[in-house]
Amino acid sequence: MSVRVRFAPSPTGYLHVGGLRTALYNYLFARHNNGKVILRIEDTDRTRLVENAADNLIQSMKWAGIEFDESPVLGGDYGPYVQSERFGLYKKYADELIDKGLAYYAFDTGEELTAMREKQQAEKKDPKYDRDTMRNQFTLGEEETKKLIDSETKYVVRLKVPMENIKFHDLIRGDVTVNGKDIDDQVLLKSDGFPTYHLANVVDDHLMKISHVIRGEEWLPSTPKHVILYQAFGWDIPEFAHLPLLLNSKKQKLSKRHGSVAVEDFKNQGYLKDAFVNFIALLGWNPTADRDIYTMDELISLFNIEKVNKGGAIFDLNKLKWFNEQYLRTIFTEKELVPILKDTLADKGKDNYSDSYLEEVIKLFKERVSFIQDIPDFAPYMFAEIEEYEEKYFNKHWKETSADLLRPLMERFRAMQKFDHEAAHTLTKQYLEENEIGFKPVIHPLRLMITGKSVGAGMFETMEVLGKDECIRRMETFLEKHG
RNA sequence: GGCGCAUUCGUCUAGCGGUUAGGACGCCGGCCUCUCACGCCGGUAACAGGGGUUCGAUUCCCCUAUGCGCUACCA
């Protein structure tokens, strides 16, 4: 059997990180099994449509490196993969079920349904559609039903759920059994003619020959309804795998209320997509347990749906940050990170730096920041005049004798032919030895004069990147004021 | 409330009857050191509880507790 899986989001605004995880696992599963991944937009709820949401979803997935084999933009044999564009298709299947006696017409209004539920709750009964008392095909009779439909009265089609036990197998959870009496007579076709998720999902999964349904755990309770549908149509039932939920720090389903949940937010915050995807992949699954860093290819070759955990995983920003730092420091080269710094600077109106300069700057600071985007704030002196000298640092290290100590050193720097960190270091050490003084009375004032800050990269390395002329200019500027 | 799913350090997890219960993040020490980091070394910390099954349970079964999910003409 050839593997075909799908990611089927609703276009309600943006790609949720939980959605990305689901999409990623579908992608990994498909690639691991030489199968296909399909993107299908489930927009059957006309009341929740958001403009451009589908494009936004696709953009976010593209950023994350998830590629689809068939999608609204790519097309395929079963296109167009947007349910609203397949509108006419679903009624036919609803009718088929009615003909088979496995679904029925119902004419209740929203108010009637609300009243029914309130009554049931008052009687301490479970709110559930009451087939025997409400206005439907069974209580009204065939003749009346036909008359109502011919007169274009609004109706819905409901699934006639059997009273028996429904069993299905889940690749992650094993066998699950639910009693039919606990399942509501689900609406299949809404009064606006659109199918509900349940109908559209089952019909499309069948038509698109989906072999494995990999989706979030929130769908587990409605899977029995889908199984009933597959059986009612006489179709093969796909394999199911329900992924554990992604949780917030309060262990609730990750939602917009607490912090960022949109993939684009993380992108905008400066996370490297490889780090982000790596982190997401390891929430609920562990390939080898001996390390944390994996490339996408490694994730694909190691992926095993049956090893996915059952319990929900808390989305821990701390670890995500660590992943980003790891990718900054050990995975990417400085050269690869240059465009990010370049963009960051361009946003600040600074675009006059060469790639080689930025590369050197990144080398200096990548071990000291969590995001490349933080570099201009961490080391503003690499891109601008020093606006102010850190007061505490100045008070602590700039002594009466400092100017007399630093001025001759500056002159020696000026005389250097080759100005790199090693040479500057050697020269400084020599100067200190000649004068029989320690390192600290000089290195801190030097840092103060050239960077204005108490923290930074190695002083001589920083000086090398800034260049001899710039260093001397800064020393002179400082000495004019404090000499 | 009903139904379902889950439960190993604070967090992500390894474990698939016999382990000093391992790793990673975080946190705390130490080393390195021109500051800050990186790095390295070390430490802290877990099998929800109770019954079984078994020579032996973190591991298998049951119950309880707790958490989460679902309970719409939303997905």
Side-chain angles (χ1 to χ4, degrees), chain A residues 8-12 42-48 106 108-110 113-114 117 121 124-129 154-158 170 172-173 176-179 181-184 186-198 200-201 215-224 242 244-245 247 249-253 279 282-286 288-293 307 309-323 325-326 329-330 365-369 378 390 393 397 425 428 438-448 451 453-460 462:
Chain A
S10 283
T12 53
E42 308 222 328
D43 57 348
T44 54
D45 183 0
R46 309 318 282 170
T47 64
R48 294 208 309 168
D108 316 278
T109 62
L113 291 170
T114 306
R117 287 191 195 102
Q121 276 173 332
K124 306 256 186 240
K125 285 196 281 194
D126 298 333
K128 204 180 149 211
Y129 186 77
K154 292 252 185 209
Y155 68 88
V156 300
V157 174
R158 282 180 183 271
D170 186 285
I172 296 169
R173 284 149 216 286
V176 180
T177 307
V178 179
N179 195 316
K181 75 175 168 52
D182 297 319
I183 303 171
D184 206 357
Q186 189 65 51
V187 170
L188 262 21
L189 202 69
K190 299 183 257 189
S191 59
D192 64 359
F194 274 87
T196 56
Y197 170 88
H198 307 285
N201 194 266
R215 74 227 306 186
E217 190 189 334
E218 69 269 27
W219 293 107
L220 196 58
S222 45
T223 303
H242 288 91
L245 260 17
L247 275 20
S249 54
K250 292 186 180 126
K251 299 201 174 203
Q252 294 157 329
K253 191 166 142 182
F279 169 69
L282 267 40
L283 250 27
W285 170 62
N286 191 294
T288 59
D290 62 344
R291 58 189 167 123
D292 287 298
I293 307 295
K307 281 193 70 185
N309 295 152
K310 300 179 178 81
I314 292 174
F315 190 89
D316 181 17
L317 263 353
N318 247 330
K319 191 136 190 185
L320 173 57
K321 193 172 90 179
W322 178 79
F323 270 100
E325 291 165 348
Q326 289 304 303
R329 289 164 197 164
T330 64
F365 301 107
K366 67 173 190 173
E367 281 164 2
R368 282 160 245 261
V369 295
F378 184 80
E390 215 174 279
Y393 195 49
H397 293 287
H425 196 168
T428 304
F439 203 54
K440 295 191 180 190
V442 164
I443 194 79
H444 293 295
L446 201 54
R447 182 177 293 282
L448 180 70
T451 74
K453 295 184 67 147
S454 59
V455 302
M459 198 54 233
F460 299 111
T462 305

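Below, chain A is the first sequence line, B the second, and so on; all start at residue 1.
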Minimum-distance nucleotide (side-chain atoms of [X] versus [options]):
X        : options             : value
A:Trp322 : B:C5, B:C25, B:A37  : B:C25
A:Asp182 : B:C34, B:U11, B:C3  : B:C3
A:Leu113 : B:C12, B:C73, B:C5  : B:C73
A:Lys190 : B:A14, B:U35, B:A75 : B:A75
A:Val455 : B:U11, B:C73, B:C36 : B:C36
A:Val176 : B:C5, B:G26, B:G15  : B:C5
A:Leu283 : B:C12, B:A37, B:C34 : B:C12
A:Asp126 : B:U35, B:G1, B:C36  : B:G1
A:Asp45  : B:A75, B:U35, B:G26 : B:A75

Would you mind classifying the nucleic acid contact of [X] as base, sugar-phosphate or nothing, using non-hydrogen atoms under 4.0 angstrom?
X        : answer
A:Ser10  : sugar-phosphate
A:Lys310 : sugar-phosphate
A:Ser249 : nothing
A:Gly216 : nothing

Span that lies between the P atom of B:G52 and that of B:G15, in whole angstrom: 29 Å
A:Lys319/A:Asp316 salt bridge by N-O under 4.0 Å criterion: no
A:Glu217 and A:Arg173 ion-paired at < 4.0 Å: yes
Distance, rounded to the nearest Å, where A:Glu367 contributes CD and B:C32 contributes P: 19 Å
G-U wobble or Watson-Crick pairing nucleotide for [N] (cut-off 3.5 Å, both distances):
N     : value
B:U20 : none
B:G67 : B:C5
B:C47 : none
B:C60 : B:G52
B:A72 : none
B:C32 : none

Distance-only donor-acceptor test (3.5 Å): side chain A:Arg329, base B:C38: no
Under 3.5 Å donor-acceptor pair, A:Arg173 side-chain atoms to B:C5 base atoms: no
A:Phe460 and A:Phe439 aromatic ring geometry - parallel, tilted or perpendicular at 30°/60° bounds: tilted
Ring-face cation contact, A:Tyr393 with A:Arg447, 6.0 Å cut, 45° max: no
Within 6.0 Å of NZ in A:Lys190, more than 12 heavy atoms from elsewhere: yes
Any A:Asn309 side-chain N or O less than 4.0 Å from OP1/OP2 of B:U13: yes
N or O in side chain of A:Thr196 less than 4.0 angstrom from B:A75 OP1/OP2: no
Summary of protein contacts for nucleotides 62-72 of chain B, nucleotide by nucleotide, where a base hit scores B, a sugar-phosphate-only hit scores S (4.0 Å, heavy atoms): ------SSS-S
Min side-chain heavy-atom separation A:Thr196-A:Leu189 under 4.5 Å: no
